[in-house]
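As structure tokens, the structure follows; a few thoughts come after it.
Worth knowing before you read on, the calculation uses all heavy atoms, side chains too, and leaves out hydrogens, waters and symmetry mates. Order of the sequence lines fixes the chain letters, A, B, ..., with proteins taken first and strands second; residue numbering starts at 1 for each chain. Source: prediction; values computed, not measured.
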Amino acid sequence: MKRQLPIAITFICAFILTVQYFVPHRSFEMMYEVSNVWLQIIGFFATLLGILSLVLNHWEKVKYKQENWIYSIVALAGLAGMTLVGLIGSQDNPVFEWLYNFILSPIQATMFSLLAFFIASAAYRAFRARTTIATILLLAAIVVMLGRVPIGAYISGGLFPWLADILLNYPNVAAKRAIIMGVGLGAAATSLKVMLGIERSYMGSD
Amino acid sequence: MGTSVVHLARLRLFLFIILFSSIIGQAAFGAENDWLITKPPLINKLYDTPNDHGKSIKIEWLSAEYDSAFIPEGYIIQRADSPQGPFDSIGFVPIVNNLYTDYEDVINKKDYYYRVAVTGTDITSPVEGPVQASGQWFHTGKTTTFVFSVVFCAMAIAILIFARRGVQFYIRPIGGINAIDDAIGRATEMGKPILFVPGLGTASDVATIAAFTIMERVAKKTAEYQSRVIVPCYYPETMIVAQEVVKSAFMDAGRPDMFNSKNIFYVTTDQFPYTAAVNGIMLRDKPATNFFLGKFYAESLVLAETGFEAGAIQIAGTDEPIQIPFFVAACDYTLIGEELYAASAYLSRDPMRLGTLKAQDWGKAILVVILVLGIVTASVFGSDFFIRMLDVNVN
């Protein structure tokens with residue numbers, strides 16, 4: 001019963017939502033809206049558990065002065081500070097806005113900007129011409145890179161941009177579409193496995 | 001010279017006054033412009049919006065014709081419950097358009113009458129109606145999806161029946177999945193933890209569900225080898241499911257005492273703070289093996305490169321085509337697209353799971369045949385039959 005009931009609930013919910021996708025009638029739309037509300041309610045309780053997990057983890061580190069416990073103080077102070085400022089004022093609270101715009105946003109932008117350096121280091125490793133395939137990859141990368149900057153068009157008389165467009169629009173799109181089709185069918189097969197109770201890992205062990 | 005400049009300025013002032021009075025006149029005395037409309041608008045299509053829940057009506061009309069001296073701003077759509085009125089203005093459409101969708105408190109199965117008025121005049125189209133809004137029981141734009149879904153499900157169920165009867169299916173070796181056990185063994189030998197990142201997807205995303213199946217295997221092996229697995233989660237819901245998966249795996253391995261729920265924790269639901277936190281774990285705890293399985297976006301390379309710098313063996317898998325090259329460049333093994341979904345069947349060798357994998361292969365074969373037929377018929381015979389067959393309109 002412990003296994004059958006969740007599988008039955010999963011099957012019924014999945015079946016109704018699958019039918020809903022093909023039926024635009026108001027009654028089915030309302031069913032979808034209700035299921036979204038249920039999801040939000042579950043999400044709310046899950047968020048409480050998430051925050052509890054976060055606080056307990058960091059609190060333990062601070063309490064027992066574990067390695068790097070000082071970072072946990074920053075995390076807890078950040079959580080408490082932003083929550084308090086957000087609760088005291090409305091969304092237009094200037095302190096909240098200031099904290100968001102001048103602390104959180106720059107931190108996020110800094111993390112994102114690291115991507116440029118990581119791309120350079122990953123590209124250096126990926127483009128080393130050790131095998132035939134790696135050499136082809138290197139050549140394709142050179143063509144695409146030169147095709148995307150003005151100097152590429154200048155030195156080749158427009159050849160590099162033309163070649164880059166061909167590489168991007170044909171072999172690249174073909175490979176991408178093949179992956180997307182595989183992913184679509186894979187997602188459908190996985191959904192079917194979940195619906196029929198063949199795939200049960202998400203509920204714990206078999 | 002000076003006199004001609006003065007004359008020109010006077011002429012401009014005069015023209016400006018004429019233009020200004022004409023605009024004011026149009027606004028104040030609409031009826032006076034009626035003679036400038038040479039042909040009123042005419043509603044030629046009035047119908048219930050197809051494939052909706054029955055709360056809208058579409059109106060199409062032939063544009064009004066007017067004298068070039070007067071260009072109206074647009075049309076005002078008017079609606080009434082009877083042909084005699086009274087008509088209420090429900091919307092405005094610029095003069096270049098001739099289609100309007102009425103969402104204004106439309107009641108199902110109720111008669112409505114419409115007319116289109118030209119702004120700045122008293123000219124209206126003849127009244128059209130009655131028309132009723134109603135909800136449809138099938139979205140005709142999704143017929144292709146429906147047919148293909150039914151065919152796919154029927155095929156999968158047929159193959160599952162064969163699988164139950166003991167038919168053996170071949171599945172090609174997948175390097176990334178084969179390497180999982182070795183990677184866990186390496187971490188155990190080095191006495192270092194294993195990091196499992198289930199991505200940025202929600203617990204209901206198919207990629208995350210596929211990641212859970214691999215997580216179960218990893219956790220079980222980890223428990224057998226008495227190692228430690230760290231799972232930082234992006235969503236609280238993912239954390240709850242991951243805790244359950246890992247706990248069950250530890251129980252199956254006969255080591256429930258080793259399970260520590262604090263190793264599966266919530267970080268934040270914010271992309272780059274989450275990335276920073278996971279990078280911090282990689283650099284401080286130095287896990288010997290990193291698994292990046294699930295949905296990943298711009299953070300994929302930042303995570304994988306940090307893991308590489310930390311010296312971990314890395315296995316990644318995602319169904320996001322744009323992120324796959326980044327993982328290929330920075331990780332030791334990558335599960336490309338559908339290989340992530342195939343992992344559970346591959347690891348368990350369960351005939352039922354392998355059966356759905358076979359159905360997937362047959363689905364791909366059917367698609368390839370349709371695509372080849374489509375290319376041949378469109379290129380050689382100029383027929384767009386297969387193009388129309390695959391057309392899906394979700395709106």
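A donor-acceptor pair shorter than 3.5 Å can be found between the side chains of Glu305(B) and Ser121(A). Inspection of the Thr269(B) and Tyr266(B) side chains reveals an N or O donor paired with an N or O acceptor under 3.5 Å. In the model, Glu29(A) has no side-chain atom that pairs as donor or acceptor with a side-chain atom of Gln20(A) under 3.5 Å. Using modelled atom types, one finds a donor on one side chain and an acceptor on the other under 3.5 Å when comparing Ser56(B) with Asp52(B). A donor atom on one side chain and an acceptor atom on the other are found under 3.5 Å apart for Gln323(B) and Ser300(B). For the residue pair Glu216(B) / Ser248(B), no side-chain donor-acceptor distance below 3.5 Å is found, with atom types taken as modelled.
The most heavy-atom pairs under 4.5 Å with chain A, out of Lys364(B), Lys55(B), Gln360(B), come from Gln360(B). Taking chain B as the reference chain and counting heavy-atom pairs below 4.5 Å, the highest number among Leu196(A), Ile42(A), Asn68(A) is found for Asn68(A). Chain B forms the most heavy-atom pairs under 4.5 Å with one residue out of Gln108(A), Lys193(A), Arg125(A), Lys176(A), and that residue is Arg125(A). Of the listed residues (Phe308(B), Phe265(B), Phe138(B), Phe326(B)), the greatest number of heavy-atom pairs within a distance under 4.5 Å of chain A belongs to Phe308(B). With respect to chain B, the highest number of heavy-atom pairs below 4.5 Å among Ala109(A), Gly182(A), Gly43(A) belongs to Gly182(A). Listed options Ile179(A), Asn57(A), Leu48(A), Ile180(A) were ranked by heavy-atom pairs under 4.5 angstrom with chain B; first place goes to Asn57(A).
The part of Phe148(B) that comes within reach of chain A is its side chain, from C-beta onward, which places non-hydrogen atoms under 4.5 angstrom from that chain. For Val19(A), no part lies near chain B; criterion is any non-hydrogen pair under 4.5 Å. If you measure heavy-atom distances from Asp270(B) to chain A, the contacts under 4.5 Å come from the side chain alone. Proximity to chain B (any heavy atom under 4.5 Å) is shown, for Tyr21(A), by both the backbone and the side chain. Of the two parts of Ala329(B), the backbone and the side chain both hold a non-hydrogen atom closer than 4.5 Å to a non-hydrogen atom of chain A. Heavy atoms closer than 4.5 Å to chain A are found nowhere in Leu357(B), neither backbone nor side chain. Both the backbone and the side chain of Leu54(A) come within contact range of chain B, judged by heavy atoms closer than 4.5 Å. Neither the backbone nor the side chain of Asp205(B) has a heavy atom closer than 4.5 Å to any heavy atom of chain A. Neither the backbone nor the side chain of Leu340(B) comes within contact range of chain A, judged by heavy atoms closer than 4.5 Å. Contact of Val328(B) with chain A is not made at all, since no heavy-atom distance falls under 4.5 Å. Residue contact with chain A, scored on non-hydrogen atoms closer than 4.5 Å, is absent for Ser348(B). Contacts of Ala210(B) with chain A are absent, with no heavy-atom separation under 4.5 Å from either backbone or side chain. Only the side chain of Met239(B) has a heavy atom closer than 4.5 Å to any heavy atom of chain A. For chain B, the nearby part of Glu60(A) is the side chain; its heavy atoms alone come within less than 4.5 Å.
In this structure Trp137(B) satisfies the side chain to side chain contact (heavy atoms under 4.5 Å, CB included) test together with Val23(A), His25(A), Ser27(A), Phe28(A), sequence neighbours excluded.
Salt bridge Arg148(A)/Asp165(A): present, at least one basic N to carboxylate O contact under 4.0 Å.
Atom CD1 in Ile9(A) sits 4.0 Å away from atom CG in Leu5(A) (nearest 0.5 Å). One distance of note links CD1 of Ile324(B) with CG of Leu335(B); it measures 10.0 Å at 0.5 Å rounding.
Between Ser261(B) and Lys247(B) the shortest side-chain heavy-atom distance does not fall below 4.5 Å.
At distances below 3.5 Å, not a single donor-acceptor pair connects side-chain atoms of Arg164(B) with backbone N or O atoms of Ile161(B).
By the neighbour-count criterion of 12 heavy atoms within 6.0 Å, atom CE of Met30(A) is sparsely surrounded, having that number or fewer from other residues, nucleotides or ligands.
Between Phe11(A) and Phe15(A), the angle of the ring planes stays under 30°, which puts this pair in the parallel group of the 30/60° scheme. Note on ring orientation: taking the six-membered ring where Trp is involved, the planes of Phe146(B) and Phe22(A) are perpendicular (angle over 60°, cut-offs 30° and 60°).
Residues of residues 72-85 of chain A placed with any heavy atom under 4.5 Å of a heavy atom in chain B are absent; none qualify.
Of all the heavy atoms in Pro198(B) and Thr238(B), the pair that sits closest is CG-CG2, 4.2 Å.
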